[in-house]
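Some notes on the structure that comes next.
Whatever order the structure lists them in is the order used to number ligands and atoms, beginning at 1. For the numbers below, each heavy atom of this structure counts, side chains included, while hydrogens, waters and symmetry mates do not.
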Amino acid sequence: MSERDEILSKALQLVIRYLEENSAPDTLVVNYQNPEFLKAKLDLSIPETGVSVDKFLALLETYLSYSVRTGHKQFFNQLFSGFSLPGFLGEIFTSLTNTSMATYELAPLATLMEQELVQKLNSLVGFNQGEGIFVTGGSNANLNAMLCARNRTLPEAKKQGIQSSHLALFVSDQAHYSFLKAANLLGIGVDSAIKVKSDQYGRMIPQQLETAIQESLAWGKKPFFVGATAGTTVLGAFDPLVEISEIAEKYDLWFHVDGAWGGAVLLSQKYQHLLAGSERADSFAWDSHKLMGLPLTCSAFLVKRKGTLYHACSCGDTNYLFHDCEDSAYDLGLMSLQCGRKVDSLKLWLSWQYYGQRGYEEKINWLFEIANYTTQKVKHCPELELMAPTQFLNICFRYVPHDQFDINRFNLELRERLVKSGKSLVNYSTLNGQAIVRLVVANPEINQADIDQFFENFLELGRELLSQ
Ligand SMILES: *Cc1c(COP(=O)(O)O)cnc(C)c1O
């Protein structure tokens, strides 16, 4: 056997063993160690000469043993989790055939797959004549949206910069921080982002949006963009898209929907009403590496009107890459901010083939059921308090200790102990100055018993902390 084949077949055995361990009862989500320990454990320095085959395989094993098992059923920390078999294979075949999405010539089938997927996603959103491009994440999709909006309001800015145009943009106070990054990057300025107040569910209040727009006009600003969120990062709130679209229209703003977390709810007939009005948007961010379970990253930026992306993204000087030839209409690179761009379409296309539309719908409906089960569990446990009504797959709660404890410090300490125990992983945030534990159900393989197990781990540590 050649060295290559030996390494490949042994690495595949490691993969299979790792996946078996993920579901074994005594496997921890993470073997948490501090940086000093890990640096002592693994010599990270770059060697003068290459290592032996055995050493190389041992390195792979070490990597697996100290990585967070996001496919473990006690991983509730992020908006992504689980293991996707078609997604994993898509990723391997993408690397195997390593290419760039710049031109049809370089990536013929992947280009057609990406176009098919963009069309499919657009039809779910309600963009009948739309276009789109795969991007490096939801943050990048939001950046593209703001760029398209800037290009619409200030067409001269592409060449001349924005000078002092006093643009103003609007998102809710629960929106993702990527909007601020985009405002920074596009020269619009972080202070030009106005955070509109949300209600107790975390949904943007349309009346507050209109007030904020009028105020900024009175200040001599130029409102140009409103970003609504479908599924906020902390509370899982869905902004009222129809009402926001009416205000956007009235004031001639670009209307973007950040569906990075909740966009895929459109796959469920039962719950797609949460995104009612998505077809009124000008653009939409969709992360398939969250609710659709694909390996990171797999995101699309969708736009209602054809030609928008080329207009916003192309800046000339590309003769060495893009040639006028028979199939150049298929060169997606002309619509992208990237030059070299990874093939992210294959894994999503394969995954949709594998599960079908129906399979995805069932997964999403199941996750809503599990979220409801988790919410009931919190409500019925006297030691816990639900911190916001559950609207989606984010369940926000906290442990309520006796009065002599500082409740915020107690919850942060409890969560940290849970992470270090490696038994369950969950994240936290703050809401109106209160620390909240945010449990996210994004892995459709989990069931009620996994949720029971989580609370067993959480409550046990809580009681332990109480008695100290
Ligand atoms: C995760 C998330 C983003 C950022 O997406 P990335 O793919 O992580 O860049 C943006 N908006 C919302 C609402 C999100 O939940």
Side-chain angles (χ1 to χ4, degrees), residues 68 70 75-82 84 87 91 121 125 132-147 169-185 193 195-196 198 201-204 225-241 244 255-266 274-275 278 281 283-302 336-338 341-342 344-345 347-348 364 367 371 388 391-396 427-429 431 436 438-443:
V68 175
T70 61
F75 180 79
F76 300 106
N77 190 284
Q78 293 287 310
L79 303 178
F80 60 86
S81 61
S84 161
E91 197 75 3
L121 296 173
V125 169
I133 192 85
F134 274 47
V135 294
T136 58
S139 304
N140 197 268
N142 291 340
L143 169 71
N144 270 276
M146 214 177 283
L147 174 65
L169 66 110
F170 304 83
V171 292
S172 89
D173 56 14
Q174 299 292 313
H176 194 259
Y177 67 85
S178 51
F179 287 109
L180 304 182
K181 291 204 170 192
N184 170 17
L185 203 57
K195 293 185 180 173
V196 179
S198 57
Y201 290 86
R203 300 174 300 200
M204 186 192 285
F225 177 93
V226 56
T229 308
T232 58
T233 312
V234 176
L235 297 178
F238 288 80
D239 288 341
L241 305 184
I244 293 172
F255 176 31
H256 173 67
V257 175
D258 177 2
W261 172 218
V265 171
L266 287 168
L274 290 168
L275 286 112
S278 63
S283 59
F284 197 100
W286 183 298
D287 267 5
S288 301
H289 60 250
K290 288 179 175 170
L291 199 44
M292 293 182 85
L294 275 309
L296 285 120
T297 56
C298 191
S299 300
F301 174 57
L302 308 168
S336 174
L337 291 174
Q338 292 171 255
R341 188 164 64 93
K342 199 180 150 214
D344 286 325
S345 52
K347 58 190 173 188
L348 178 57
I364 289 165
L367 286 170
Q391 309 158 71
F392 189 26
L393 311 177
N394 313 35
I395 300 95
C396 296
N427 213 337
Y428 78 96
S429 184
L431 183 67
I436 54 173
R438 184 199 65 173
L439 184 152
V440 176
V441 291
N443 176 1

Which residue holds the protein heavy atom closest to atom 8 (O) of ligand 1, what is that atom called, and what is the gap in Å? K290 NZ, 4.2 Å
Roughly how far, to the nearest 0.5 Å, is OG of S178 from CG of N140? 9.5 Å
Taking only non-hydrogen atoms of G231 and a 4.0 Å limit, the atoms of ligand 1 in range are 13 (C)
Option from L431, I395, N394 for which side chain to side chain contact (heavy atoms under 4.5 Å, CB included) with R438 holds: N394
Is there a heavy atom of T232 sitting under 4.0 angstrom from any atom of ligand 1? no
Considering only heavy atoms of L79, which atoms of ligand 1 have at least one such atom less than 4.0 Å away? 15 (O)
If you scan protein heavy atoms around atom 9 (O) of ligand 1, the nearest is S139 OG, 2.8 Å
Test side chain to side chain contact (heavy atoms under 4.5 Å, CB included) applied to L180 - qualifying residues, sequence neighbours left out: V190, A193, K195
Over all atoms of both residues, closest heavy-atom pair of A230 and V257: CB-CG1, 4.0 Å
Quick one: which ligand 1 atoms are inside 4.0 Å of a heavy atom on A260? 2 (C), 3 (C), 10 (C), 11 (N), 12 (C), 14 (C)
Would you mind listing which atoms of ligand 1 come within a distance below 4.0 Å of any non-hydrogen atom of W261? 15 (O)
Within the structure, does S299 bring an N/O atom to less than 3.5 angstrom of an N/O atom in ligand 1? no
Could you check whether W261 and F392 have their ring centres less than 6.0 Å apart? yes
T297 touching ligand 1 at heavy-atom level, < 4.0 angstrom: no
Nearest to atom 6 (P) of ligand 1, what protein heavy atom do you find, and at what distance? G138 N, 3.3 Å
Taking every non-hydrogen atom, the tightest pair across V441 and A371: CG2-CB, 3.9 Å
Quick check on contacts: which atoms of ligand 1 are under 4.0 angstrom from a heavy atom of H289? 7 (O)
Short N or O distance, T233 and ligand 1, threshold 3.5 Å exclusive: yes
Testing the basics here: between C396 and L235, what is the closest heavy-atom pair and its distance to 0.1 Å? SG-CD2, 3.9 Å
Atom 11 (N) of ligand 1: which protein heavy atom is closest, and how many Å away? D258 OD2, 2.6 Å
Note: ligand 1 atoms sitting under 4.0 Å from heavy atoms of G137 are 7 (O), 9 (O)
Number the atoms of ligand 1 from 1 as they appear, then name those within less than 4.0 Å of a heavy atom of T229, with their elements. 13 (C)
For H289, the option from P295, S299, S84 that meets side chain to side chain contact (heavy atoms under 4.5 Å, CB included): S299
Who passes ring-ring contact (aromatic ring centres under 6.0 Å, His included) against F80, sequence neighbours left out? none
Just checking, any donor-acceptor pair under 3.5 angstrom between side chains of H176 and T233? no
Can you name the atoms of ligand 1, numbered from 1 with element, that are less than 4.0 Å from a heavy atom of D287? 5 (O), 6 (P), 7 (O)
